[in-house]
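Within every chain, numbering begins at 1; the chains are lettered A, B, ... in the order of the sequence lines, protein sequences first and strands thereafter.
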Protein chains: 2
Amino acid sequence: MTDMPSSRRNGRSPPAAVDGAGRIADELGSAIVAGLYQPHELVPGELALCRRFGASRTVVREAFKLLSAKGLIASRKRSGTRARPREAWHMLDADVLAWRLRNGQAEPKFLFDLLHVRAVVEPAAAAMAARSHTPETLKSIEAAFAEMERAAHDPVLFADPDIRFHKAILAATDNDVMVAFGALTEAALGVFVRAASRHAGAPAPSVPLHRAVLAAIQRRDAEGAHAAMMALLSRTARNVERNVGPAPGRNKGRDNGPSRRGSRRSAKPSK
Amino acid sequence: MTDMPSSRRNGRSPPAAVDGAGRIADELGSAIVAGLYQPHELVPGELALCRRFGASRTVVREAFKLLSAKGLIASRKRSGTRARPREAWHMLDADVLAWRLRNGQAEPKFLFDLLHVRAVVEPAAAAMAARSHTPETLKSIEAAFAEMERAAHDPVLFADPDIRFHKAILAATDNDVMVAFGALTEAALGVFVRAASRHAGAPAPSVPLHRAVLAAIQRRDAEGAHAAMMALLSRTARNVERNVGPAPGRNKGRDNGPSRRGSRRSAKPSK
DNA sequence: CTTGGACGATATGTCAGACATAATAACGCG
DNA sequence: CGCGTTATTATGTCTGACATATCGTCCAAG
């Protein structure tokens, strides 16, 4: 996707490894988001990594540039290269998301953070799509849904059209910035379906919920699309809770986020 | 911010130019998002850029890695390096946003796309902040607001605390992914206040709207915070419309997005 | 005339070694 | 003991070379 490690297209995680710089960035980036390096200060130096990866300094430095462009590291002349604090990471970048979700079991807190953001963005996107879709963009949503129906029995076959469905809705908003959330949705769905395929059975139950979203969009019902998408995400939230335990609150205690309750309301007032 | 060009902190745009790779990435990236290169195919080759910037191939290649990490270009062996289509750009990256907004007059459509996304994300963030804020995070919101009041007479002094106010709210959500929207908010506010300082007068009128957001957060009123933030953004939308003309619809016609109407409703059901 | 394979040209990918630069750490002097 | 000077060290930049994957071209066979 970026020319980089994230060339892992759908659910497949292991392949990765493209060119030298991508490989190194993949491994180092993964380690950083996993918390192997304290908020500030000092990842291994360039020449240390040269030895460790059997690569030239050129390649290591290119890997550093890839990571620095994603907010994971920063270099200064004599002090060396340091891992940046979490709030500097480009959390909406496809690779950062993938790295953070790939680590054995990503921290549950992060899974819920993702869900909460999806619960904000995707219903709004569905509403916008209901208002703005064209014959072409609508067709790609319908095509993805049709394939979901066909794969309703198999959790792994289901993942790909599911992702396409949600991305097609984002594309139908006719909003460049909304489209960029595809990375988030793709990453999140990747984990969720992986988890679902381990625990739950066939994804068939979610088909009617998707159908409701599509139907609302087809009839240009923005409020309905918003509500239907919210319902769909609430189901996902319940599944995740079943699998990784209940949602963690702030430092402990309070709770917020998407869960039951449909809650109908449009994303934004139409002028 | 990324170690890269975007070290332009607040509103100042020109400085930029840090290290060689950053400088080249800045210029090339800016050109790409400005549409100087057709959706696919062929930015200048490495050695051509070497001549053009008086730099070595090493540095040019590092610049390429910076840009490829942001989804702007992709290289293949013999064919050369090509500009990627808009839908591949990491539109939520601080640098990409800055480049896209810096070009003389950014396309109005993009300004409204940004506004629509802010109208989805920030009210929800305000609601989450109302639920999740701690003494520390609340204090940083209050501090930013206090400074806004003090600078209420000067559009340019106003910009910095304004940005801090919105980012502090995102931080108070206690949601890693929400925090990442700070780049979007910062970029958008940068342009809006720049535009406002040209056309409108003092930013004083927006102070009460900000105060309403703060007050709702203080009393942990999620719905109120949502509504207040939406009202604030609606005002911004009106200002932008006044300055750059009315919101463009799809390929022409339809309209969607934030505008008048307060519309009160919370970002998400509280379990 | 079309089809297929061989071959050369070309742009990116990788490497090794050198020097420049800045910031830190160590040293030594007053 | 404080402070300026010097050494050290990791990143930044440059150079020139070779490796590798394609894309175009051309020629020969069908």
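As a whole-Å value, the separation of B:L66 CG from D:dG12 P is 11 Å. Put simply, CZ on B:R51 is 13 Å from C1' on C:dA11, counting in whole angstrom units. Atom CZ in B:F53 sits roughly 16 Å away from atom C1' in D:dT13 (whole-Å rounding). The CD-C1' distance, from B:E46 to D:dA19, rounds to 14 Å in whole Å. Separating the CD atom of A:E41 from the P atom of D:dA10 is a distance of 14 Å, rounded to the nearest angstrom. One can place CG of A:D19 at 15 Å from C1' of D:dA19, the figure rounded to the nearest angstrom. A straight line from CZ of B:R23 to P of D:dG12 spans 16 Å, rounded to a whole angstrom. Rounded to whole Å, the distance from CD on A:E62 to P on D:dG12 is 13 Å.
B:D95 and B:R102 are not joined by a salt bridge, as no carboxylate oxygen comes within less than 4.0 angstrom of a charged side-chain nitrogen.
With hydrogens and angles ignored, a donor-acceptor pair closer than 3.5 Å exists between the side chain of A:R57 and the base of D:dG12.
Ranked by how close their nearest DNA chain D nucleotide is to the 5' end, A:T58 and A:S79 are led by A:S79. Both A:K77 and A:A55 lie close to DNA chain C; mapped to their nearest nucleotides by heavy-atom distance, the more 5′-ward contact belongs to A:A55.
Between B:F145 and B:H210, the gap from one ring centroid to the other reaches at least 6.0 Å.
Side chains of A:S140 and A:T137: a donor-acceptor N/O pair is absent below 3.5 angstrom, by distance only. For B:W89 and A:D176, the side-chain atoms include no donor-acceptor pair closer than 3.5 Å.
Comparing atom distances between the B:S75 side chain and each of C:dT12, D:dT22, D:dT11 picks out C:dT12 as nearest.
By the 6.0 Å and 45° rule, B:R23 does not stack over the aromatic ring of B:F53.
At the phosphate of C:dG13, neither OP1 nor OP2 sits under 4.0 Å from any side-chain N or O atom of B:R78. The phosphate of D:dG12 (OP1 or OP2) has a side-chain N or O of A:R61 nearer than 4.0 angstrom.
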